[in-house]
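Lettering follows sequence order; numbering is per chain, from 1.
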Protein chains: 2
Amino acid sequence: MFLDDRKRRILRAIIDDYIDTAEPIGSRTIARKHELGLSSATIRNEMADLEEMGYLAQPHTSAGRIPSDKGYRLYVDNLMGIRELTLEEIESIKEAMEVRINELGQLIRQASVILSRITKYTSMAITPQMKKSILRTVQVVPIESSKALVIVVTNAGIVRNCMMKIPEKAEPQDLVRVSNILSEKLCGCTIEQINQQTIKDVEHEIGISKELLLPVLDGVSECIGQIDNPEVYLEGTTNIFNYPEFRDIMKAKGFLNVLDEKDVLYKLLNSHLENDSRINVQIGTENELDEIKDCSLVTTTYRIGDIVIGSMGVIGPTRMEYPKVISSMNYIRNQINRQLDRIVGQITDDS
Amino acid sequence: MFLDDRKRRILRAIIDDYIDTAEPIGSRTIARKHELGLSSATIRNEMADLEEMGYLAQPHTSAGRIPSDKGYRLYVDNLMGIRELTLEEIESIKEAMEVRINELGQLIRQASVILSRITKYTSMAITPQMKKSILRTVQVVPIESSKALVIVVTNAGIVRNCMMKIPEKAEPQDLVRVSNILSEKLCGCTIEQINQQTIKDVEHEIGISKELLLPVLDGVSECIGQIDNPEVYLEGTTNIFNYPEFRDIMKAKGFLNVLDEKDVLYKLLNSHLENDSRINVQIGTENELDEIKDCSLVTTTYRIGDIVIGSMGVIGPTRMEYPKVISSMNYIRNQINRQLDRIVGQITDDS
DNA sequence: ATTAGCACTCGCTGAACAAGAGTGCTAACA
DNA sequence: TGTTAGCACTCTTGTTCAGCGAGTGCTAAT
């Protein structure tokens with residue numbers, strides 16, 4: 001059976017309607033609402049075909065049709081229109097994103113907030129993956145007689161610090177020397193290169209009292225650990241209660257339980273990290289995770305320059321307003337990228 | 001009518017049972033399960049009295065009784081037994097809390113996680129309120145030719161930093177001088193004392209080029225702002241789905257919606273901050289907030305030395321296992337306090 | 001003062017039933 | 001030959017109603 005143009009138009013009409021109403025769509029509804037110039041009987045026949053081809057399904061004999069995952073897939077890839085953002089939407093995104101946030105994590109969180117607010121679904125995001133960023137500065141600053149702060153700065157402007165106990169007798173110039181040596185050894189390396197072994201190497205090379213060097217190295221390694229340590233943001237979880245597919249308490253519970261597991265979210269977002277900069281859509285059973293096999297997940301990545309450093313996503317019922325989600329995400333992603341470039345540029349002045 | 005000992009025993013039995021089963025309790029159930037040596041008819045009479053006195057309520061004529069808020073109040077204040085933590089519970093708390101966390105925020109979050117896990121309700125906590133803490137160190141560290149990191153350390157060991165642009169021509173010794181002057185002026189003050197005005201004062205007093213001083217002061221004020229900026233942690237939200245009182249989807253939604261508002265949570269926890277170190281229980285309508293008038297909120301504070309710096313709480317249905325919640329919270333609070341003292345002691349060595 | 005007994009109340013459950021929406025099929029039509 | 005009108009059939013949903021069970025309040029006996 002061939003999927004001709006008329007079938008496509010009907011399928012699109014059905015999916016558009018179903019996304020809107022969440023009710024199985026009958027042939028009469030389509031004949032009435034959409035100007036296809038066809039009677040309900042004709043549409044009925046076409047719908048039977050579409051079902052046979054696997055694009056539609058019937059909850060029970062005497063009900064209308066609902067889209068299958070395969071139907072949604074076709075819809076997302078070929079059928080759906082693009083939904084421009086409204087002026088208000090654009091405004092509200094800009095307003096939320098253009099506050100000057102200098103902490104990368106805060107920027108991403110804010111993006112997640114606005115993403116869930118615009119789409120009305122649940123949004124999530126992971127903080128920048130900084131493995132690839134480059135260590136710029138290592139400094140040791142004396143705070144009190146026996147305390148020093150180890151400070152680490154990356155090319156992306158991430159600053160981390162760690163308070164360490166140092167020997168009472170350490171002189172300021174010792175600290176300066178340690179700083180200099182560490183800078184020389186470690187600066188220019190990416191975070192992932194600076195693993196424990198590298199740090200150990202430094203430990204052996206330098207001729208400085210271990211009593212001073214060891215705590216400082218501990219501090220560096222703690223800082224590195226903190227940079228690498230990802231955060232997951234989750235926003236708009238209660239939005240799901242607005243959708244009838246989660247009217248069932250067990251469904252809602254299952255969904256929220258998955259989202260409660262930060263590491264599950266992390267994997268979810270991370271698995272699409274290597275993809276190109278397009279927007280990725282996983283529909284229903286296309287998802288690996290059993291618990292969300294009746295949800296759709298729309299993800300994309302954001303970047304500094306050319307390097308992908310993190311990703312964000314929207315999760316909701318398969319009956320999702322794909323056009324709106326995709327254009328919102330697109331717009332917000334661009335905003336993030338712009339802000340990231342600004343922040344990094346501002347801090348590192350690579351120009 | 002006098003609330004004699006027998007009435008109390010019956011009331012306690014009813015509430016214990018109701019907390020356990022969530023079903024209205026009939027006279028026969030009490031007569032059977034608890035060894036009170038009384039017939040169901042007698043208990044029936046007593047129950048009628050207890051209802052008249054306002055300790056019990058009847059969902060409808062032919063149902064058993066459920067406790068009223070007033071009943072729970074009496075129960076919490078006078079009737080209930082104490083529930084010792086089991087060895088496993090103690091173990092799991094210790095295990096979770098005794099990892100060496102040096103960031104105060106992380107410690108509190110971890111406490112919140114374990115609190116919700118042990119109690120099976122939803123827990124929340126606010127990060128330390130650091131208004132009262134004292135500024136110990138201000139330092140300005142050059143990072144690149146035109147960038148400097150402003151670092152602020154408090155007596156509680158909180159470290160904040162902020163990257164600022166400074167004039168290219170600024171010499172290292174200028175930065176040291178600024179550091180010294182700022183330290184002299186600001187150290188020893190509490191965070192809340194160092195408001196914009198104080199900073200402005202410093203600006204006028206010092207004879208250093210404004211080009212350098214202004215960004216540094218901005219940095220200090222940004223750091224101060226960050227210290228003051230509270231975080232709210234929320235854990236175990238999906239636990240509520242285990243309780244029949246939230247079986248209704250709208251109830252669950254309403255509850256989760258309240259918890260989604262960070263500033264509402266903040267107020268909720270903050271309003272009990274001035275209280276002494278006891279554990280505070282708000283039952284049902286005792287809560288100010290309409291949306292949680294059928295919930296109970298158990299809160300307490302934690303502290304460094306004698307100063308209360310934050311609070312944590314558990315929220316759940318009024319039918320809450322008060323004895324368990326209270327003893328868990330007590331134990332965890334003590335663990336927090338101990339850890340806090342350790343962290344602060346380690347960093348500031350006040351001894 | 002306590003208890004046994006009994007009539008009464010009320011919510012819950014399941015069956016029966018009607019209404020409504022939608023389908024598939026057949027036959028008629030352009 | 002593709003399209004459409006008509007109709008019988010299916011299945012869900014909502015409603016009504018009777019019967020059951022849990023529990024009460026009251027009265028009379030202990």
**Study point:** Polar side-chain contact A/Ser62-D/dT10 base: donor and acceptor under 3.5 Å
**Key:** yes
Integer-rounded Å distance: [N] [atom2] and [X] [atom1]:
X       : N      : atom1 : atom2 : answer
A/Lys7  : D/dT3  : NZ    : C1'   : 14 Å
A/Ile43 : D/dG2  : CD1   : P     : 17 Å
B/Gln58 : D/dG23 : CD    : P     : 11 Å
A/Arg44 : D/dG2  : CZ    : P     : 18 Å
A/Glu23 : D/dT13 : CD    : C1'   : 12 Å
B/Ile66 : D/dG23 : CD1   : C1'   : 15 Å
B/Tyr18 : D/dG23 : OH    : P     : 14 Å
B/Met47 : D/dG23 : CE    : P     : 9 Å

Rounding to 0.5 Å, atoms CD (B/Glu321) and CD1 (B/Ile326) come to a distance of 11.5 Å
With a 4.0 Å cut-off (strictly under) to non-hydrogen atoms of chain A, the first and last hit nts on DNA chain C, 5' to 3', are C/dA21 to C/dC25
Judged by nearest nucleotide, the residue sitting upstream toward the 5' end of DNA chain C, A/Ala63 or B/Ala41, is B/Ala41
The residue, A/Arg28 or B/Glu46, whose nearest nucleotide of DNA chain C is more 5′ is B/Glu46
Original post:
Should the ring pair A/Phe255 and A/Phe246 be called parallel, tilted or perpendicular, given that the plane angle runs from 0 to 90° and is split at 30 and 60?
Top reply: tilted
What one should report as the nearest heavy-atom pair of A/Lys293 and A/Glu288 is NZ-O, 3.3 Å
Taking NZ, NE, NH1 and NH2 as the nitrogens, is one of them in A/Glu46 or A/Arg6 under 4.0 Å from a carboxylate oxygen of the other?
yes
Can we say B/Lys267 and B/Asp263 salt-bridge, meaning some charged N sits less than 4.0 Å from an Asp/Glu carboxylate O? no
Taking D/dA5, D/dC11, D/dG23 as options, the one with an atom nearest any side-chain atom of A/Ser39 is D/dA5
Please evaluate residues B/Glu245 and B/Arg319 with respect to the criterion salt bridge (charged side-chain N to carboxylate O under 4.0 Å, His left out), reporting the C-alpha separation (whole Å), side-chain torsions for both, the decisive distance (0.1 Å), and the verdict. CA-CA 9 Å; B/Glu245 24 274 280; B/Arg319 181 186 68 82; 2.8 Å; yes
(request) Report which part of the nucleic acid B/Ser40 touches: base, sugar-phosphate, or nothing (heavy-atom distance under 4.0 Å, all strands). (result) nothing
- Task: Give a yes or no answer on whether the side chain of B/Thr238 reaches the backbone of A/Leu256 with a donor-acceptor pair at less than 3.5 Å.
- Result: no
Practice item. Verify the contact: side-chain N or O of A/Thr61 to OP1 or OP2 of D/dC11, cut-off strictly under 4.0 Å; return yes or no. Key: yes
